[in-house]
Amino acid sequence: MTLTDHFGRSITYLRISVTDRCNLRCVYCLPEKGIEWQARENQLSAEEIARVTASMSQVGVKRIRLTGGEPLVRADIVEIVARLASIPGIEEVSLTTNAMLLEKLAQPLADAGLKRVNISLDTLDADKFKRITRGGEIDRLWRGIAAAESAHLSPIKLNTVVVNGLNADELSALARLTIENPWHVRFIELMPVGNAQNWGAGFPSLIDRYISVQEMQTRLSHYELEPAMTPTGNGPARTFQIPGALGTVGFISPLGEHFCQNCNRLRLTADGFLRPCLLLDGEVNVRGALRANEPLLPLIQNAVDAKPKGHELLSQHYPESRRMAQIGG
Ligand code: SAM
């Protein structure tokens, strides 16, 4: 049995937010003082996450990505990976991280069955990194990448949320990383999710922040980017390569159509809700059924049936029930 939604899209991918807590406070993602974190008792245990994943694997889900909040702040993250990686039918477990805790965890995670990591990197400048993340140390990120490479967590993808007046001036320098490193830098448009407020002194105002992938590509035209294969199969990125480079440069345009047309995923929140669409509110509670030992497959099917054709950002219909850190990006 496989999962196909009303628009003919096969659902083979599950993104699991394992916690809403984060050790950073990126300006476009979380307020400086944090948010009202979910109650611990509502957070799914490693065993519960594994049960949802096992049910999903029975209906054709093959790839899992762990995210958050920051997935590496969960004390049992290695156990979660080990449980998921051993589920029959699950071909790949990967993780999205800010890399602050990756140096020590890369090898244990790889030993547990993690295949690869996506790392968020919005700037190459240490001071700016600290400002954007409100306290992050870029040297820890570089050590995390080195540890991921030693542990053969590959390919490494670097995610950059591009914001005018903040880091759009670094597009060229970030793309240049791919020339000598087999890394895949992906430039992502800023999504209007829970970040309309003022970010503080020295940060761009709301109306000045957005830059489209078309504009990003124009700014990188001096590289004469060539179309390239997306490194790990289908995903939301349009992928290119600087001629002769070891890595690739991808563009992710949540506001463009391509993003939804190829959507192959469901999301599971840390407190046990299946979310059919990142950018539209509406969720199916699976925690209740998990804890009552009721079957999960009907709820999984409900979530698939609820997948909309596309998000409605262009008609100014923004998700409001959760922040990005509570969905997992
Ligand atoms: N803590 C991990 C990290 O930093 O990668 C995982 C969670 S984070 C919410 C996942 C991804 O979402 C990050 O790459 C982050 O930059 C991205 N993100 C957060 N808010 C965003 C927004 N408003 N628009 C676009 N991307 C966003």
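Counting only distance, with no hydrogens or angles, the side chain of Arg209 and the backbone of Leu190 share no donor-acceptor pair below 3.5 Å. The backbone N or O of Ala147 sits nowhere less than 3.5 Å from a side-chain atom of Gln107 that would complete a donor-acceptor pair. Remark: side-chain polar atoms of Thr160 are paired, donor with acceptor, to backbone N or O of Leu121 under 3.5 angstrom. Under a 3.5 Å cut-off, the side chain of Asp281 and the backbone N or O of Glu320 do form a donor-acceptor pair. For the pair His311 (side chain) and Pro254 (backbone), a donor-acceptor distance under 3.5 Å is present. A donor-acceptor pair is defined here as one N or O able to donate and one able to accept, closer than 3.5 Å; no such pair exists between the side chain of Arg186 and the backbone of Thr239.
Judged purely by distance below 3.5 Å, without hydrogens or angles, the side chains of Thr269 and Arg275 never pair a donor atom with an acceptor atom. For the residue pair Asn23 and Glu70, no side-chain donor N or O sits within less than 3.5 Å of a side-chain acceptor on the partner. Side chain to side chain, Gln43 and Trp37 fail the donor-acceptor criterion of an N or O pair below 3.5 Å. If you check the side chains of Thr232 and Lys157, you find a donor sitting under 3.5 Å from an acceptor.
Across every non-hydrogen atom of Met324 and Cys29, the tightest pair is CB-SG, 4.0 Å. Nearest approach of Ala245 to Thr178, heavy atoms of both residues: CB-O, 3.4 Å. In terms of heavy-atom proximity, Val213 sits nearest to Ile252 at CG1-O, 3.6 Å. Shortest non-hydrogen contact noted between Leu84 and Ala50 is CD2-CA, 3.6 Å.
In this structure, CG in Leu114 is found 5.5 Å from CG in Leu109, a value given to the nearest 0.5 Å. How far CG of Leu266 is from CZ of Arg15: 12.0 Å, rounded to the nearest 0.5 Å. A distance of 5.5 Å separates CG in Leu177 from CG in Leu124, rounded to the nearest 0.5 Å. Interatomic distance, CD of Glu215 versus CD of Glu189, reported as 11.0 Å (0.5 Å rounding). To the nearest 0.5 Å, atoms CG (Leu278) and SG (Cys263) are separated by 9.0 Å.
Looking at Arg291 and Glu48, a side-chain N of the basic residue comes within less than 4.0 Å of a carboxylate O on the acidic one, giving a salt bridge. Salt-bridge check for Glu91 with Lys115: failed, with every basic side-chain N at 4.0 Å or more from each acidic carboxylate O.
Judged by a 6.0 Å distance limit and a 45° cone about the ring axis, Arg140 is not positioned over the six-membered ring of Phe129. Cation-pi contact between Arg63 and Tyr13: present, with separation from the ring centre below 6.0 Å and deviation from the ring axis of at most 45°. By the 6.0 Å and 45° rule, Arg322 stacks over the aromatic ring of Phe273.
Note: Phe187 and Phe251 have tilted aromatic rings, judged against thresholds of 30 and 60 degrees for the angle between ring planes.
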